[in-house]
Structures are given as structure tokens and as C-alpha cells.
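Single-structure report; data block below.
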Amino acid sequence: MTNSPAGSSLDAVVRQRIDQKTKPLGALGRLENLALQLALIQQTDTPTLQNPHILVFAGDHGLAAEGVSAYPADITYGMVQNFIAGGAAINVFCRQNNLTLLVCDVGVAGTFAENTPSFVKFKIRPGTRNMRYEPAMTRDECEAAMDAGRTLVNGVQYRGCNVVGFGEMGIGNTSPASLLMHRLTGLPLDQCVGRGTGLDDAGLVHKRSVLQAVADTYAHLNDPIDVLSAMGGLELAAMAGGMLQAAENGMVILVDGFVATSALLVARALNPSILASCVFCHLSNEAGHRLMLDHLGVEPLLNLGMRLGEGTGCALAYPIVQAAVGMLNDMASMDVL
């Protein structure tokens, strides 16, 4: 940290530096708030972004057998192969913005080739169970998936990463995300359930009916990990664990859309202070995400009408995060005029 008057808080020092830049007070709007947040996460008035990574966790869902998605479950496997081949949207955006992509299979119902620098296997089981009839995971399986997320975050930090984004792939995963949102925010289930990958009106009615039955079955659960085990997903558990570890490590956390934010709800229930480490990257077009963000009291950086997942919102918002750091570190101050 640069020299500052004795007794000055870091918050005050950074605000003063921003205010002294060659611009009217507050002229860079939310970019100024973002710069302050990044400084406070790293506990320095000269924050840096080092070896940024996007971690994408993939898993299948037994509940997909109930027809809650417009796409068949085997698309999860095909999309992970697409990630490995470098052809998905997240691959394109990571290459464009010099982000390192690491894809992790924590629960895909299929077998992949050996680990590579951009793909690793921490498969806990080949998809969750059908939560309509039994808990999606045992508590041990859920905690193992969370540990997989923690392990990956520690691994990328060891390689010098201090900013990490979280994404996911799993056909049907807006259903567990909606259920977690319902239980952890207290909002009515109907406000939490959207069309996912593109359900028609009849499909949406059916999805809400199925999820209401699941919510009723596990209404007695209160512990966040028990709720996640019963109504969550392996990739959601991995994201929650990874987010918790990133916060413990003092890393900047980039949060993607609806599904990733539902994992953050779990992490926040376990560590309320985690919000200070989180940059919310975009507003998903999935119904419920706006309400979820309002519940958390946060505002996303982008609103592009996307609902893809994969961490794409993180990759697209990253240049704004870079701009905030650049402004704080490299923009001249008024004393040069």
C-alpha cells in the first residue's frame, strides 16, 4: 500500500485517490465504486488482477427425467466436449479477454478423456438423484462436491490467480437453482421459477408443479448444506465451495448469472461476509435473477439479456473490472495539472 496519513482507513485513502483523479467528482460513476471494492478485497490502494481464471463446473440432474428442461439431459455431456474442444461461447470470450478457462466434471453422466490443463475430473457421481423422490445428494456427496470447488480454487491461486469467475453447465439446473432461491430468500416459488433453456407456457406450468412438489417434500430442512444436498446439484455445490474458498483466500469473486448466484446464496448462508468479495457480473434474462440480486442488495455490471450460463457473464464483464483497476492505478491526479 502506498503511504497514507497516520490513522487513515484504507477506505478513506482509496476514496481520496479516486476523487483526486483528473475528472469531476463521481464522474466515473459505478466504476469508482468497483475500484474501491477491489482495493478493499485486496487490502491495498493499488490492486492488481493476476492470472484471472473462469472455473466452469458441470453436472447432470436426475430431476431432468421429469421434463423440467426444454433440452435432453445428454446435452450436458455434449457441451462439456464442446468446452474441451474450445468451441463454446465461454471459450471464445475467455480467449478474447485473456482469461484462463478450467472446466471441471463433478457429476456428468458420461466418461471423458484424461485430465488436461483446461479440463479436470472430480466426478462425485454420474448426476444427482431425482430429487422428486429422494434427496439429490447425500450430505457426504454434497460436501465432496464443495471440496472439489475448494480444491480447484486453491489450485489456481497457487498458480498466481487472484481473481476467479464461476460458471456452470448442467441441463435442468435452473430447477435446483430456483428451489435454492425459494428456500434461502423466502420468496414465493412461482417468482423463482423461469423458462430455463426455453420452455413453452405448458412446460413452465409443468416445471412449477414439479418444483412445488419437491419444495413441499423438503420444507422441513433448514441447514444450508442439508438444503443444498436435497434440492441442489453437484455443480452448484462445487461453485458454493469454490466461492467460500476464494473469499477465504482474499480473491476477487466474479459471479455469473441465475444459477451461479443461487450457489452464492448457499455460500452466503454459510459465510455472510462473502458478499464483500463478490462482483456481480450481469443480470440474467432468467426470471427470478433480478429478485435474487435485489434480495442480496447488489447491482450487476451488465444487462445484455443473456441466459446462457457457462460463466459467460463473468468473461464479458472482466474488461470493466480491468478498467476499474486501471483507473485507480494509472489515471493522473489533479496535482499534475
Is there a salt bridge (charged side-chain N to carboxylate O under 4.0 Å, His left out) between Glu248 and Arg150? Walk through the geometry before answering. CA-CA 10 Å; Glu248 290 178 26; Arg150 287 181 176 274; 3.1 Å; yes
Donor-acceptor pair between Lys207 and Thr174 side chains, under 3.5 angstrom: yes
Under the side-chain contact (heavy atoms from CB on, under 4.5 Å) rule, collect the residues that match up with Glu141, sequence neighbours excluded. Ile124, Arg125, Arg129, Met137, Thr138
Any chance you could lay out the salt bridge (charged side-chain N to carboxylate O under 4.0 Å, His left out) test for Asp105 and Lys121, step after step, and finish with the verdict? CA-CA 5 Å; Asp105 169 18; Lys121 293 179 288 186; over 6 Å; no
When every non-hydrogen atom of Met251 is compared with those of Cys161, the smallest separation belongs to CE-O, 3.4 Å
Give a yes-or-no answer on whether the side chains of Thr48 and Gln50 include a donor-acceptor pair shorter than 3.5 Å. yes
Return the set of residues passing ring-ring contact (aromatic ring centres under 6.0 Å, His included) with Phe122 (not counting sequence neighbours), or none when no residue passes. none
With a 3.5 Å cut-off and no angle check, do the side chains of Asn130 and Glu66 form a donor-acceptor pair? yes
ring-ring contact (aromatic ring centres under 6.0 Å, His included) partners of residues 250-307, not counting sequence neighbours, each pair once: none
Does one side chain, of Gln157 or His53, offer a donor that lies under 3.5 Å from an acceptor on the other? no
If we ignore hydrogens and angles and just use 3.5 Å, is the side chain of Arg17 paired with the main-chain N or O of Asp45 as donor and acceptor? yes
Testing Leu36, Leu40, Leu34 for side chain to side chain contact (heavy atoms under 4.5 Å, CB included) with Leu38, which one passes? Leu34
Compare all side-chain heavy atoms of Leu101 with those of Ser118 and state whether any distance is below 4.5 angstrom. no
